[in-house]
Amino acid sequence: DAGVTQSPTHLIKTRGQQVTLRCSPKSGHDTVSWYQQALGQGPQFIFQYYEEEERQRGNFPDRFSGHQFPNYSSELNVNALLLGDSALYLCASSLWTGRSFYNSPLHFGNGTRLTVT
Amino acid sequence: GENVEQHPSTLSVQEGDSAVIKCTYSDSASNYFPWYKQELGKGPQLIIDIRSNVGEKKDQRIAVTLNKTAKHFSLHITETQPEDSAVYFCATGYTGTASKLTFGTGTRLQVTL
């Protein structure tokens, strides 16, 4: 049973550039969420995708955008990179039961370490 | 928005001892309380969760207690082993939108021989 997979594992970018991170959810899951984890901090919610639409969004600027594909995989795009965007980006998946995520806790991937220089 | 405080930030125990990590939250509407373990170079792994209609839940050496009145919940690990060494995060959410979790700042647990 494949868990959540993310690519690439590490990435180095320059300020002002754009980056795309990729995620494949755990088998059987249909919902993908993205989190940013700064060094020494807990993960912070960026947004959630379900049925190819952004359903919820955390307190992140519009430079952060995403996409979900028909096979439930997802991309996170960050434009105009800032030094402060350096972090571990985590993808998490779950299953929408039609009423809630009550029986489907989040499963996280191992993340993409983004360094902005 | 929700604010989750977690203590202590670091915890060192001897193998076989118990470890307790505590979290408080601010939003009384929160009704889902998971705990995650994060090892070096890996993503967070769910170790136990509890919902607001339950006061306590146990899974082998791990237990979580919830006090909704006081808005705090705790993780208890008994008979600690070296492989328990990791960073532990508490989080809160709503079962209707459980993808959006608010995490604490983490506790680095070190189990020494």
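Bear in mind the structure is a predicted one, so any value in this text is a computation, not a measurement.
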> Please identify, among Gly1(B), Pro34(B), Gly43(B), Cys90(B), the residue contributing the most non-hydrogen atom pairs under 4.5 Å to chain A.
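Ranked by contacts with chain A, first place is Gly43(B).
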> What pair of heavy atoms forms the shortest contact from Leu101(B) to Leu106(A), and how long is it?
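Shortest heavy-atom contact: CD1-CD1, 3.7 Å.
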> Please classify the contact of Gln6(A) with chain B as side chain, backbone, both or neither, using a heavy-atom distance under 4.5 Å.
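Neither part; nothing is under 4.5 Å.
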> Could you check whether atom CD of Gln60(B) has more than 12 heavy atoms from other residues, nucleotides or ligands sitting under 6.0 Å from it?
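Open.
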> May I ask you to test the Gln41(A)-Phe89(B) pair for a side-chain heavy-atom distance under 4.5 Å?
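Side chain of Gln41(A) against side chain of Phe89(B), heavy atoms only: no contact under 4.5 Å found.
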> If two hydrophobic side chains count as joined below 4.5 Å and joins carry through other members, does Leu11(B) share a cluster with Leu75(B)?
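Linked within one cluster.
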> Does any backbone or side-chain atom of Ile46(A) lie under 4.5 Å from a heavy atom of chain B? Answer side chain, backbone, both or neither.
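When you check distances to chain B, no heavy atom of Ile46(A) falls under 4.5 Å.
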> Tabulate, in ascending numerical order, the residues of residues 104-113 of chain B having at least one heavy atom closer than 4.5 Å to a heavy atom of chain A, or enter 'none'.
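Within residues 104-113 of chain B, the residues under 4.5 Å from chain A are Gly104(B), Thr105(B).
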> List the atom of Lys100(B), the atom of Arg57(A), and the distance in Å for their closest heavy-atom pair.
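That closest heavy-atom pairing would be NZ-O, 4.1 Å.
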> Would you indicate whether the side-chain heavy atoms of Tyr32(B) and Pro105(A) approach each other to under 4.5 Å?
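Yes - at least one pair of side-chain heavy atoms lies under 4.5 Å apart.
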> Does any backbone or side-chain atom of Gln45(B) lie under 4.5 Å from a heavy atom of chain A? Answer side chain, backbone, both or neither.
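The answer is neither part of Gln45(B).
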> How many angstroms lie between atom CG of Leu90(A) and atom NZ of Lys42(B), to the nearest 0.5 angstrom?
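The NZ atom of Lys42(B) is 14.0 Å from CG of Leu90(A), to the nearest 0.5 Å.
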> Closest approach of Pro43(A) and Phe103(B), non-hydrogen atoms and distance?
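Heavy atoms only, the tightest pair is O-CD1, 3.4 Å.
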> If two hydrophobic side chains count as joined below 4.5 Å and joins carry through other members, does Phe64(A) share a cluster with Tyr35(A)?
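Cluster IDs for Phe64(A) and Tyr35(A) differ.
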